Amino acid sequence: MLWLMRLSGFLSAAMVVIVLSPSLQSFPPAEAIRSSHFDSYLRFPGQIGSSGTDRPRFPFREASPFHNAEECEDSIIDSTACDPALVHIAITLDEEYLRGSIAAVHSVLQHSLCPESVFFHFLVSDASLESLVRTAFPRLRFKVYYFDPERVRGLISTSVRQALEQPLNYARNYLADMLQPCVRRVIYLDSDLVVVDDIAKLWRTDLRGRTVGAPEYCHANFTKYFTQRFWSDPKLAGTFAGRRPCYFNTGVMVLDLERWRRSGYTRRIELWMEVQKGAAGDGAGGRIYELGSLPPFLLLFAGHVAPIEHRWNQHGLGGDNVRGSCRDLHPGPVSLLHWSGSGKPWARFDSNRPCPLDALWAPYDLYGPTP
């Protein structure tokens, strides 16, 4: 009976894609659930896994070659990150989420009209991961930046989930400092998502003079992102005076790094983290939020975000690992699928308990032996 329920779930995911296919724009919808791709993945369920500090049993497979389409502008003038014709993407690499990061990169290349014009900026705390990236993508244009965990360790407070306390989760705060000054704009992507549209469309977002662009969710209860201590203090709560703050997910953002640098937002984020830690002598009473790196972004930018279509962050697909917690797609078109939440598709496949929508992530997974 259990196998029948799982089969029904996968068929449900396929039906979702078929129904939404007119909204998937520039990529063939069937590609996301093509049986040959999915079957090759399922040939080794449970054999792949790298829990804790164990190294992967299998290397990453090499992705298929990628090339710019004929209609791409032939304007790449050099091989550095300073080329003005490039689309810049920043993403973190760590061992626990490496499988997701590789899948995210693979999805971007699969659906880009001009993949050779995409430049990746990888933020790492373990420089040895660079060789794994080159194994999967020999021709990829990228640069690796070492992020010292000590830079933020003293600023991080406990969170509702231990994963949110990892120093690399805060590396996005320092993009403007770490990337070369010639990089004026960057797309930041989390490691638990796949892009199913041409990333250049997101890159061309009009930020309307704002520093951050992201899908906003104004129907969410904004007050829950901060503690009662925050809202009961007029000085703290007054931070949002004159604004209409809305929640936005920091896993998908377009950042104007020039404006960020001019306004000193890196230090301003650190100041809020110091308030959270009780740097003013408030001790435990200084806590003003319970989440990880998100609240400082909300404090600085909520109400001042350039809105981006929700299609670019279909988030919350991770849910959690409790039985029956699988999520459905939100209504509307889809350009990016985001498994935010504690449940990750690769972990659920390894435990033989995938959710139906995890089938949409599987074709981009390059971890394991060649089929």
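Bear in mind the structure is a predicted one, so any value in this text is a computation, not a measurement.
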| task | Scan Ile102, Leu189, Val194 and name whichever one has a side-chain contact (heavy atoms from CB on, under 4.5 Å) with Ser107. | result | Val194
| What is the ring orientation for His106 with Phe137, classed by angle as parallel under 30°, tilted 30 to 60°, or perpendicular over 60°? | tilted
| query | Ala302 and Phe248: which non-hydrogen atoms are nearest, and at how many Å? | reply | N-CE2, 4.1 Å
| message | Within a 6.0 Å radius of atom CZ on Arg243, are there more than 12 heavy atoms belonging to other residues, nucleotides or ligands? | response | yes
| query | Can Glu62 and Arg134 be said to form a salt bridge (Lys or Arg N to Asp or Glu O under 4.0 Å), step by step? | reply | CA-CA 9 Å; Glu62 183 176 329; Arg134 293 198 182 279; over 6 Å; no
| Does the side chain of Ser263 come within less than 4.5 Å of Arg268's, by heavy atoms? | yes
| task | Step through the shown structure and confirm whether more than 12 heavy atoms of other residues, nucleotides or ligands are within 6.0 Å of CD on Glu71. | result | yes
| Pair Ile269-Tyr170, side chain to side chain contact (heavy atoms under 4.5 Å, CB included): steps then yes or no | CA-CA 10 Å; Ile269 284 179; Tyr170 294 81; over 6 Å; no
| Residue pair Leu337 / Leu193, side-chain heavy-atom distance below 4.5 Å | no
| query | Are Tyr247 and Tyr225 close enough that their ring centers fall under 6.0 Å? | reply | yes
| task | Indicate, with yes or no, if Leu113 and Leu86 share a hydrophobic cluster defined by side-chain heavy-atom contacts under 4.5 Å among Ile, Leu, Val, Met, Phe, Trp and Tyr. | result | no
| said: Check the orientation of His121 and Tyr145. Use parallel for under 30°, tilted for 30 to 60°, and perpendicular for over 60°. | reply: tilted
| request: Determine, stepwise, if the pair Val87 / Ser117 fulfils side chain to side chain contact (heavy atoms under 4.5 Å, CB included). | output: CA-CA 6 Å; Val87 171; Ser117 303; 5.6 Å; no
| field | Heavy-atom pair of closest approach, residues Tyr146 and Pro149 | value | OH-CD, 3.7 Å
| query | Is Ser125 reaching over with its side chain to a backbone N or O of Leu168, donor-acceptor style, under 3.5 angstrom? | reply | no
| field | Centroid-centroid distance, Tyr265 to Phe301, less than 6.0 Å | value | yes
| So, does Arg61 use its side chain to make a donor-acceptor pair with the main chain of Asp365 at under 3.5 Å? | yes
| Are Pro167 and Arg151 side-chain neighbours, meaning at least one heavy-atom pair lies under 4.5 Å? | no
| Val118 side chain reached by Arg141 side chain, heavy atoms, under 4.5 Å | no
| request: Group every Ile, Leu, Val, Met, Phe, Trp and Tyr by side-chain heavy-atom contacts under 4.5 Å, then state whether Leu298 and Leu271 land in the same group. | output: no
| said: Could you check whether any side-chain heavy atom of Phe142 comes within less than 4.5 Å of a side-chain heavy atom of Ile91, counting everything from C-beta outward? | reply: no
| said: Can a donor-acceptor pair be found, under 3.5 Å and without considering hydrogens, that links the side chain of Thr211 to the backbone of Leu255? | reply: no
| said: Donor-acceptor pair, distance only, cut-off 3.5 Å: does the side chain of Asp358 make one with the backbone of Cys355? | reply: yes
| request: May I ask you to decide if the ring planes of Tyr174 and Phe147 are parallel, tilted or perpendicular, using 30° and 60° as cut-offs? | output: tilted
| Does atom CZ of Arg184 have more than 12 heavy-atom neighbours from other groups under 6.0 Å away? | no
| Validation row: Asp192, Trp346 side chains within 4.5 angstrom (heavy atoms) | yes
| request: Could you list the residues that satisfy side chain to side chain contact (heavy atoms under 4.5 Å, CB included) with Glu150, not counting sequence neighbours? | output: Asp148, Arg153
| query | Quick one: does Leu175's side chain get under 4.5 Å of Val186's, heavy atoms only? | reply | yes
| field | Nearest heavy atoms of Gln180 and Cys82, plus distance in Å | value | NE2-SG, 3.7 Å
| query | Looking at the rings of Phe120 and His88, which for Trp means the six-membered one, are their centres under 6.0 Å apart? | reply | no
| query | Does the Thr135 side chain pair with the main chain of Pro59, one donor and one acceptor, at a distance under 3.5 Å? | reply | no
| Side chain of Glu116, backbone of Asn68: donor and acceptor closer than 3.5 Å? | yes
| query | Do Asp198 side-chain atoms and Lys201 backbone N/O form a donor-acceptor pair below 3.5 Å? | reply | no
| Heavy-atom side-chain proximity of Arg208 to Pro307 below 4.5 angstrom | yes
| query | Are any side-chain N or O atoms of Arg287 and backbone N or O atoms of Lys277, one a donor and one an acceptor, separated by less than 3.5 Å? | reply | no
| query | Does Arg261 use its side chain to pair, donor to acceptor, with the backbone of Ala176 at less than 3.5 Å? | reply | yes
| Among side-chain atoms of His111 and Tyr364, is any donor-acceptor pair under 3.5 angstrom? | yes
| What orientation do Tyr367 and Phe60 show, parallel under 30°, tilted 30 to 60°, or perpendicular over 60°? | tilted
| Is there a donor-acceptor pair under 3.5 Å between the side chain of Arg327 and the backbone N or O of Gly316? | yes
| task | Hey, can you tell me if Phe226 and Trp231 have their rings parallel, tilted or perpendicular (30° and 60° cut-offs)? | result | perpendicular
